[in-house]
Each structure stands twice: as structure tokens, then as C-alpha cells.
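Here's the structure, in C-alpha cells; my notes come after.
No hydrogens, no waters, no symmetry mates; every other heavy atom, side chains included, goes into these values.
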Amino acid sequence: MTTTTATTPTTPSGDVVARAAAGFRQRYGAEPAGRWAAPGRVNLIGEHTDYNDGFVLPFALPLRTVVAAAPRDDERWTVWSELSADPVEFGPADVDEPGRVTGWTAYVAGVVWALRAAGHAVPGARLAIASDVPVGSGLSSSAAIEAAVLAALVDLGGLDLPADRWPRLAQRAENEYVGAPTGIMDQSAVIRGRPGHALFLDCRTEEIEQIPFDLDAAGLAMLVIDSRAPHRHADGEYASRRKSCERAAARLGVPALRDVPADGLDAALARLDDDETRRRVRHVVTEDQRVLDTVALLRAGRVRALGPLLTASHASMRDDFEITVPEIDTAVEAALAAGAYGARMTGGGFGGCVLALVEAPTADAVAAAVASAYAERGFAAPGAVTVLPAGGVTRVD
């Protein structure tokens, strides 16, 4: 099995940029006023810690979603995607009532809604969307759409909205308009990512630190394996995990599970009266500590030493948070057996992708080992790509 290599171009691949512009011309019979690109993301470590006010360490991908757009004279928005047959049009009455616009278009309408709710005069616009970020793979295709649309509308309308406020606004669109109870991590990564760095984010204070993560210089690669597993009950289970964490924090008398110190974990667990809640808490508290330990290793330039932390994170998600599926566990086990330093599921769970830290020359062999393990178990063939950290949302032209 040969992996596809994705590096860190200063702009997204010409193909996806050209597709967005061509889609705009085909659907609207005119040239776009500009094109804006936002990346997908993977989370190096720190899963389900974001909505617990904890720490995360994502990085942006070179895979991009591109929005070609132009203003229109009235207060309406028309959106076309290469994944849909026909454009969808909506106006203020649709936008101002969450739930009126559904499906993938809700992510676009949600951004318009969030901007309007924040007091901004959002320009009417025609938009065409093309993307290399796989949908449903856990690489945050939704945040990529939100960020690219947000950048386009801010520019088209000349809106006074500093970039450091973009992640929270995009998150609000997803939480309150779309109805997905995500934390701030995805939007922060796709908006504030920097090439060659991972984004160390304190989800409570929203303070960030760009942590050097130069895989290429170390002779390493990050293999992203798309499990191709359908997301099984992901939305309901995600919400269930979040509610469980909130209940646990209330029982422990802390604002969020981030406030349970690692050296006080045993005492906190002893105060909880059911095993499931204890396991959920143990995952979050130990995962926060793994993020801090990973940051310390990266600051020291010890990239290979990350492996055991990645693998421990996966075990915690599998056993304590119970969010993995057989395809995901198979990919992790096969990658480790083939020589990966560490491997873990990335994303919300119940499907999605696996990260494997490997020596760069072995990436194809590790990917082949995972494909072979899948074939033995009768799973659909996985996808694989090697990536380096890329930059965040930007205007292409």
C-alpha cells in the first residue's frame, strides 16, 4: 500500500483552489471576488479535554477546504458545494431561526447567524465550496468550512472582527446553530495553526502557544490512517460523554474536570459512586497530563519519545472513555506491530482516523501492515496519508 504524501505548501493545492473557482463560474456565470482556504486538523493528543476546560495539542493539515465567493446586492446567501447537486439559498428568516437550514449548509448558515448575533452587518454572498478534507473522517471538515466561510464574509463585508475572536464565533455557530456540542479546539486549530508547529491551547483561557513540531527534521512522519469506519452513534455518544463529565465535575465540586489535579486523581475517584463515571474522569484527568507531558517533550526536541504517550492516550480512550471501534483498534494494533513509535485514535471517536508516529522511510510499510490487518478482518480498505503541520485559514487571492 502506498501512502499519499501531504506536505506544507504556502497555499493549498492548485487543484482544490481551481475546483472552487470553476464551480463558482459554472454555477453563477461570473468570476469570484476571491478565494479563501481553511485546513482540516488532527489532534496530536488531548481528546475530549477541550469541553472540560483542559488542554489540547492539535495541528493544521495541508488538506484544505476552499470557498470562492462574491458579494450580492441583497441580503441573501447562495451556497454550492461540489458534494451537492444544486445550490442552496437562504435569507435572514432562515438564518435567524436555528434548525431552519439543515445538512451541510447549516455550517454556512451558522456562521452567518453567529456574525449577525454578534452585531455584524453580514453581506449577502454567492459561495462555491471545494474540499480535500474528507467528510466524516474526524479531520474536522466542518470547522474547515466554518473558517473559510467566516474569512470570506469578513473580507467581503469589511467587518471589524479581529482574528483572535474567530474561533469562538465559529464554535458558537456549530454549537448553537448546527447543534453539535463541540469544544473550541477544532476552530482554533484551523484558524490559528502555523506550519511546522502544534497549537498548545488552554481551552479555559484560550491562551495559545505555538510548539515546534518539526517531523521532517527528525526524519519522522505522521501517518494519518482513515479507518473508513462509519461513525456509529457518534453525535449521541459525544453528547453523552460531555454530560457525564459535567455531572462528575458537579459531584466533585469543581468548575470542570480540568480542575482535578493528576496527583489528586485517586482521591477524586474515591468520591464517585459508580465505575463508569470514575473511568470517564480518569480519562480526562490523565489525558490532560499527557498533553502537558507531550508539550514538555516537544520543547526538549524529543519527538520520538512521544510514542508511549500517544499509545497510552489510545488505551485510555478505548478502555476508560469507550469511544473506539474495532476498525480503529485494529489500525492502532497493526501500526504498533509494524514498528510505529506510538499510535492513537484522533477525533471525537466511534470512527474517524488514527495517527501513527513512524520513521519516514517506513510509512509505506506501516500503512501496508494496517491494510493487511484490515483485509484479514474483512474491513473496508483504509486510506493513508503522511502529513506535516500546516498553516491556518488564509485568503488565497
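The side-chain heavy atoms of R228 and E327, taken from C-beta on, include no pair separated by under 4.5 Å.
Residues I191 and V42 do not share a hydrophobic cluster, defined by chaining ILVMFWY side chains whose heavy atoms lie under 4.5 Å apart.
Using a 30° and 60° split on the angle between ring planes, H283 and H48 fall in the perpendicular class, above 60°.
Between E209 and R299 a salt bridge is recorded (basic side-chain N to carboxylate O distance below 4.0 Å). A salt bridge links D259 to R204: one of the charged nitrogens lies within less than 4.0 Å of a carboxylate oxygen. A salt bridge links R76 with E89: at least one charged nitrogen is closer than 4.0 Å to a carboxylate oxygen. Under the 4.0 Å criterion applied to side-chain N and carboxylate O atoms, E359 and R304 are assigned as salt-bridge partners. Electrostatic pairing of R318 and E333 does not count as a salt bridge here, judged by no charged N lying under 4.0 Å from a carboxylate O. Ion pairing between a basic and an acidic side chain is recognised when a charged N comes within 4.0 Å of a carboxylate O; R377 and D329 show no such pairing.
Residue D320 forms a side chain to side chain donor-acceptor pair (under 3.5 Å) with just one option from R278, R282, R280, and that option is R282.
Between S316 and R290, the side chains place a donor N or O and an acceptor N or O closer than 3.5 Å (distance only, hydrogens not considered). For the residue pair S131 and E82, no side-chain donor N or O sits within less than 3.5 Å of a side-chain acceptor on the partner.
Checked against ring pair (Phe, Tyr, Trp, His ring centres under 6.0 Å), F213 has the following partners two or more places apart in sequence or in another chain: F59.
I208 forms part of a hydrophobic cluster together with V56, I184, M185, L199, L201, judged by ILVMFWY side-chain heavy-atom separations under 4.5 Å.
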